[in-house]
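Throughout, a chain's letter reflects where its sequence line sits, starting with A, and its residues are numbered from 1.
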There are 2 protein chains.
Amino acid sequence: MKARTVSSPAATPPSDAPTATALKLFVVLNRAHQAIARREAQHLAAHELTIAEFAILEALYHKGPLLLGEVQKKVLVSSGGITFLVDKLTARGLVERQACPSDRRARYAALTAEGTRLMRRLFPAHAAVIREALTGLSSVEQKHATALLKQLGKAAATP
Amino acid sequence: MKARTVSSPAATPPSDAPTATALKLFVVLNRAHQAIARREAQHLAAHELTIAEFAILEALYHKGPLLLGEVQKKVLVSSGGITFLVDKLTARGLVERQACPSDRRARYAALTAEGTRLMRRLFPAHAAVIREALTGLSSVEQKHATALLKQLGKAAATP
DNA sequence: CTTTATTTCCTCAGTACTAAGACTCACACT
DNA sequence: AGTGTGAGTCTTAGTACTGAGGAAATAAAG
């Protein structure tokens, strides 16, 4: 009695049109993100860095020393993850912890001289990889996409 | 000699304009993706499923039985990961492996009756979560964004 | 001054993967 | 048949995180 009661391979109730539109967008967004992140990870792996590690370095490079909690908001990683990642970067001499004078619970993370040197060298290459990965769209199209995604992300982020 | 030789907090060389545009798009794309994926993960966690597990179930639900290699291409996970995930789903009685008659190396993955039942119940709820998460854009805007992201993803995927 | 709550970081155990390679089988060419 | 090459899956060891809970400092209330 394995007579393929579900012989139609696609048991897809097409749902309503708006839902179908949303699902399609969801799929292509995932694909695009994955394709670009893959390239980024590949580039960073050559320098023994993960995406999350690089994101921390980048935040510190552009913003200067930050409280660990602030780094967490930037990088969107769990609190335990921040401790773990900063530990690893500290062990490699790229980042250091600094006490916060006004609040003894809090700690700053800051780039060391070596970390700054690394980022000065690495960031332009990283930017080039991203730019290269996004050449599927013209500059005008990119701006358009940015506007749409900003709106999308903002709405999706508010729970 | 710690006299803050890099006292400007932002050591940002603005690079050229096209690069800046690309980086901005990259950031908002990451944000949007993360915000939506977070919601998805939250919804699926209520049913003890990860995103990757659900992706496998969904592929089988919509396409019928698939070779493991085909599942891998759909879900974009390493081959070891597919084995691991299908094992877990099999242990829960949602998926089963089937021999391939024409090639004894290959195995099919297929939904069990229970897996089909689960998806019939779960998929509409999942679609609703996605639709809800994307309400930041109107249907027209979503179609526009889809077109742009498709183009972007296609170019980024070809290495 | 206590007591209670909240913030901030860290610890620890566990999870979901990845990467590299082993193994099994299929196919093509002698 | 026998042999090499490659495809498809599984195994093993390891990594990058997550999440719950805890200690220390601060803030707020009694």
Side-chain angles (χ1 to χ4, degrees), chain A residues 30 33-34 37-57 60 65-92 94-110, chain B residues 30 33-34 37-57 60 65-92 94-110:
Chain A
N30 282 336
H33 171 80
Q34 177 127 12
R38 178 174 218 78
R39 289 209 184 194
E40 191 192 9
Q42 209 163 347
H43 173 242
L44 293 176
H47 303 273
E48 312 268 302
L49 287 171
T50 66
I51 290 181
E53 286 165 355
F54 182 79
I56 292 180
L57 294 177
L60 298 177
L66 292 174
L67 295 177
L68 291 188
E70 295 173 326
V71 176
Q72 190 187 344
K73 274 181 212 120
K74 276 271 161 215
V75 177
L76 299 178
V77 160
S78 67
S79 72
I82 288 295
T83 297
F84 174 73
L85 290 167
V86 170
D87 279 353
K88 282 209 308 184
L89 293 171
T90 300
R92 285 171 64 177
L94 300 173
V95 164
E96 62 186 1
R97 285 186 169 83
Q98 294 171 354
C100 172
S102 64
D103 185 339
R104 268 189 299 175
R105 292 168 303 181
R107 320 287 304 272
Y108 283 105
Chain B
N30 281 337
H33 171 80
Q34 178 125 12
R38 177 175 220 78
R39 290 209 184 193
E40 191 193 7
Q42 208 163 346
H43 172 243
L44 293 177
H47 302 273
E48 311 269 302
L49 288 171
T50 66
I51 290 182
E53 287 165 355
F54 182 80
I56 291 180
L57 294 177
L60 298 178
L66 293 175
L67 295 177
L68 291 188
E70 295 173 326
V71 176
Q72 189 186 345
K73 274 182 211 119
K74 276 271 162 214
V75 178
L76 299 178
V77 159
S78 67
S79 73
I82 289 294
T83 298
F84 175 72
L85 290 168
V86 170
D87 279 353
K88 282 209 305 187
L89 293 171
T90 300
R92 285 171 64 178
L94 300 174
V95 164
E96 62 186 1
R97 285 186 169 82
Q98 294 170 354
C100 172
S102 64
D103 185 340
R104 269 190 298 175
R105 294 169 302 181
R107 319 288 305 273
Y108 282 106

Just the rounded figure in Å: distance from [atom2] of [N] to [atom1] of [X].
X	N	atom1	atom2	answer
A/Phe84	C/dC9	CZ	P	18 Å
A/Gln98	C/dC9	CD	P	13 Å
A/Leu66	C/dC9	CG	P	11 Å
B/Leu76	C/dC17	CG	C1'	14 Å
B/Gln72	C/dA19	CD	C1'	12 Å
A/Arg38	C/dT18	CZ	C1'	11 Å
A/Glu70	C/dT8	CD	C1'	12 Å
A/Glu40	D/dA16	CD	P	15 Å

[N] phosphate, OP1 or OP2, under 4.0 Å from [X] side-chain N/O:
X	N	value
A/Lys88	D/dC17	no
B/Arg97	D/dC10	yes
B/Arg104	C/dA26	yes
A/Arg107	C/dC10	yes

- Query: Is B/Tyr108 close to B/Leu66 at the side-chain level, that is, under 4.5 Å between some pair of heavy atoms?
  - Reply: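 When only atoms from C-beta onward are counted, B/Tyr108 and B/Leu66 do not touch, as no gap falls below 4.5 Å.
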
- Is there a donor and acceptor pair, one atom on the side chain of A/Ser79 and one on the base of C/dC10, closer than 3.5 Å?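 Pair found.
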
- Message: Distance criterion of 3.5 Å, no angle test: do you see the side chain of B/Arg105 paired donor-to-acceptor with the base of C/dA26?
- Response: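 Absent.
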
Taking atom [atom1] of [X] and atom [atom2] of [Y], what is their separation to the nearest 0.5 Å?
X	Y	atom1	atom2	answer
B/Glu70	B/Ile82	CD	CD1	11.5 Å
A/Ile51	B/Asn30	CD1	CG	8.0 Å
B/Gln72	B/Ile56	CD	CD1	10.0 Å

- Item | Candidate pair A/Leu68 and A/Arg97, rule side-chain contact (heavy atoms from CB on, under 4.5 Å), full reasoning | CA-CA 9 Å; A/Leu68 291 188; A/Arg97 285 186 169 83; 4.2 Å; yes

- Message: By the 4.0 Å heavy-atom rule, please label B/Gly69 as base, sugar-phosphate, or nothing.
- Response: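 Since only primed, P, OP1 and OP2 atoms lie under 4.0 Å of B/Gly69, the category is sugar-phosphate.
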
- When all nucleic acid strands are considered with a 4.0 Å heavy-atom cut-off, which category describes B/Leu85: base, sugar-phosphate, or nothing?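 The answer is sugar-phosphate, as B/Leu85 gets under 4.0 Å only of primed atoms, P, OP1 or OP2.
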
Choose from [options] the nucleotide whose nearest atom is closest to any side-chain atom of [X].
X	options	answer
A/Thr50	D/dT9, D/dA16, C/dC17	D/dA16
A/Ala106	C/dT8, C/dA19, C/dT11	C/dT8
A/Leu67	D/dT9, C/dC9, D/dT26	C/dC9

- Nearest-nucleotide comparison on DNA chain D, the residue closer to the 5′ end among A/Asp103 and A/Gly81: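 Result: A/Gly81.
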
- 5'-most by nearest nucleotide on DNA chain D - A/Pro101 or A/Ile82: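 Between the two, 5'-proximity favours A/Ile82.
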
- Item | Over 12 non-hydrogen atoms of neighbours within 6.0 angstrom of CZ in B/Arg38 |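 Not more than 12 within 6.0 Å, no.
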
